[in-house]
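What follows is a set of notes on a single structure, which appears directly below.
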Amino acid sequence: MPIFYEVATKARICIILSAAALLAAVLAPLLFAPALSDEIFTLEAASRPWPDLWACLQADVHPPLHYLLVKAWFALTGPGLVSLRTFSLLMAVAAVCVAGWLIPSSPALSPWSAWFFAANGILLMMSVYGRMYALLALLCLLAWLSSDRWLRSTRPGWAVLAGSAVAAGLCTHHFFGLFLVGLAAWSVIVHQRAAVRLAIPWTAGTAVWAAIWGRTAWDQLTNRTAHLAWVPPTDFASWALIATSHLVFVLAALPIALVALGWSRRPAAPSWPREARAAAAAALLTLALPGILSLWRPLLNARFTIIAAPFLAVALAPLGRWTSGVLPGAAFAVASIWLWWPHTGAECNSREAARMLAARASAHDTVLFCRLTRKPIEYHWPAPAPQRRSFPAEIDAHPGYEGRQTPQQLQAEARELLASPARRVFVVADTESPSCQILLQLLQAAGWRQRETLLACPGVRNHYFNRLLLFEPPLTRAESPSAAPPGPKSPPPGPDVGAYGRP
């Protein structure tokens with residue numbers, strides 16, 4: 001029996017480590033992808049001197065732990081976008097390893113949680129994203145693992161780890177509080193009255209968070225409307241889309257698993273331990289809570305719901321054993337194919353836009369950045385010239401804030417912006433954005449002539465633009481087809497009307 005147990009343990013570790021290793025291998029090339037807006041803010045914040053960092057973080061929407069850890073990480077590796085993303089990837093790999101130990105009552109099922117966790121759609125997108133979401137997933141898993149072990153034993157070390165994980169999780173993202181609600185429900189279902197013991201470490205961890213960040217968190221969530229101004233109002237369709245995004249690759253791989261089962265010999269019926277059934281209920285709760293809270297204030301964002309990924313992985317773990325690993329393996333394979341499918345290499349990205357502007361724009365031109373496009377493009381295009389402006393300008397005043405101005409305010413700002421003389425104007429545009437539409441309409445009404453579309457993509461995606469447009473200034477009277485003054489009822493309406501009003 002000891003030999004059998006040793007072999008089973010080694011097999012279990014191999015299954016878990018294989019999921020972590022493949023996740024790192026598949027995502028590593030994406031470390032060199034073009035920069036995104038929030039990543040540049042993280043770089044800028046973590047590059048500040050220690051005395052200035054705390055005040056900078058209080059202006060952000062998120063708690064400070066991720067930035068502090070990234071700053072410490074930069075001290076070891078040096079600052080940079082690849083280093084930032086590497087930190088997130090390492091957090092995701094560590095989270096996959098932890099996910100494989102969450103069903104102690106069924107050691108044969110537990111390792112498949114790691115594979116389902118690695119194939120989670122939200123986790124895959126966040127693993128090489130230079131923000132705090134992979135760290136948040138790791139802390140959720142550590143809080144779950146330590147809380148469960150504390151309830152199963154009397155070792156105080158688990159209680160200390162649980163309290164520390166709670167404090168760290170709350171200092172990483174506000175949604176960790178919603179994860180605790182789901183974890184409390186899971187603990188009551190699995191451990192029943194013994195779940196009351198969690199009050200000790202969780203209260204201690206919450207007290208540490210309150211002392212460090214509680215006052216700022218309250219201000220962020222209640223008094224600063226700019227922080228969540230970019231989050232769209234919640235509706236059922238968006239909630240359903242977010243919920244499906246967690247399971248999309250598992251659902252896509254289901255036909256493959258069914259074909260494999262058809263060729264196998266009498267597949268054993270899956271055993272659904274209490275931990276897995278309770279995890280399914282906790283997953284539904286953690287996905288439903290943000291939607292319910294969004295009726296008060298919009299905050300349902302796909303990346304925030306990474307807190308449901310651990311619960312979903314454990315809930316699906318029995319299907320891994322039932323299919324002999326075919327379903328989670330196929331789900332991860334489908335995800336890998338999707339990540340590297342040609343459609344993911346859209347030309348409208350910050351690096352390509354920077355290359356185009358560096359080649360075409362001169363010191364006498366003006367570049368107008370709509371939405372959150374300026375910082376990531378400037379990361380790849382650090383040259384000081386030409387003149388660069390964001391529209392609306394309020395974007396530059398707050399990280400991640402695109403503004404909520406009225407159309408009248410946007411029109412007034414656009415007219416003032418276009419009053420400045422320039423030889424040519426380049427516009428990094430999202431043609432679906434109302435503010436950008438106002439800017440483009442006023443450009444054409446003022447006589448600016450669109451001469452070239454340097455980049456054009458069907459969708460906006462994560463880089464916030466789908467067009468890079470070049471406008472030339474209005475014709476002067478000397479440049480117009482007729483230098484004579486216009487006759488009665490002239491000129492006809494059109495983009496060159498501004499030429500007739502210039503000397």
Side-chain angles (χ1 to χ4, degrees), residues 19 23 26-27 30 33 36 38 88-89 91-92 95-96 99 113-138 140-141 173 175-176 178-179 182 230-257 279-294 298-317 319-320 327-341 343-344 346 458-464:
L23 180 75
V26 168
L27 295 180
L30 298 178
L36 299 175
D38 284 350
S88 290
L89 182 56
M91 296 300 102
V96 169
S113 299
W115 275 91
F116 279 112
F117 185 74
N120 184 282
I122 300 297
L123 176 81
L124 282 164
M125 298 305 298
M126 295 297 104
S127 293
V128 287
Y129 185 44
R131 296 290 276 170
M132 70 289 299
Y133 303 107
L135 173 64
L136 174 64
L138 173 61
C140 288
L141 286 159
H173 199 282
F175 264 45
F176 186 84
L178 302 183
F179 171 80
W230 56 274
V231 180
T234 302
D235 54 33
F236 180 78
S238 63
W239 184 91
L241 180 62
I242 289 173
T244 304
S245 63
H246 282 275
L247 299 171
V248 60
F249 299 122
V250 174
L251 296 175
L254 194 56
I256 301 174
L284 290 175
L285 182 60
T286 52
L287 287 173
L289 277 176
I292 296 172
L293 292 176
S294 291
L299 47 78
L300 182 61
N301 183 273
R303 67 189 72 162
F304 295 0
T305 64
I306 198 171
I307 59 173
F311 294 129
L312 287 169
V314 172
L316 296 172
L319 291 179
L327 179 56
F332 188 83
V334 171
S336 302
I337 293 172
W338 180 85
L339 284 171
W340 292 103
W341 198 255
H343 81 275
T344 61
V460 174
R461 295 180 60 80
N462 293 326
H463 294 274
Y464 294 108

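Excluded from the calculations below are hydrogen atoms, water molecules and symmetry mates; all remaining heavy atoms, backbone and side chain alike, are included.
Note that the CH2 atom of Trp115 and the CG atom of Asn120 stand 14.5 Å from one another [nearest 0.5 Å].
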Inset, instruction - Test side-chain contact (heavy atoms from CB on, under 4.5 Å) on Leu327 and Leu254 and set out the steps. - result: CA-CA 6 Å; Leu327 179 56; Leu254 194 56; 4.3 Å; yes
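With contacts defined as side-chain heavy-atom distances shorter than 4.5 Å, the pair Ile306/Leu123 qualifies. Side chains of Phe332 and Leu23 form a contact here, defined as non-hydrogen atoms less than 4.5 Å apart. Counting only heavy atoms from C-beta outward, the side chains of Phe179 and Leu136 never approach each other to under 4.5 Å.
Under the side-chain contact (heavy atoms from CB on, under 4.5 Å) criterion, Ala243 pairs with Trp239, Leu287, sequence neighbours left out. For Ala330, the side-chain contact (heavy atoms from CB on, under 4.5 Å) criterion is met by Ala253, Ile256, not counting sequence neighbours. Partners of Leu89 under the side-chain contact (heavy atoms from CB on, under 4.5 Å) rule, at least two apart in sequence or in another chain, are Leu27, Leu31, Val93, Ser127, Val128. Partners of His173 according to the ring-ring contact (aromatic ring centres under 6.0 Å, His included) rule, which considers only residues two or more places apart in sequence or in another chain, are His62, Tyr133, Phe175, Phe304. Listed by chain and residue number, nothing satisfies the ring-ring contact (aromatic ring centres under 6.0 Å, His included) test with Tyr464 (two or more places apart in sequence, or in another chain). Residues forming a side-chain contact (heavy atoms from CB on, under 4.5 Å) with Val248 (at least two apart in sequence, or on another chain): none.
The two atoms that bring Ala92 and Ala134 nearest to each other are N-CB, 3.9 Å, heavy atoms only. Between Val96 and Ala118, the closest heavy-atom pair is CG2-CB, 4.1 Å. Nearest heavy atom pair, residue Trp340 against residue Val26, reads NE1-O, 3.3 Å.
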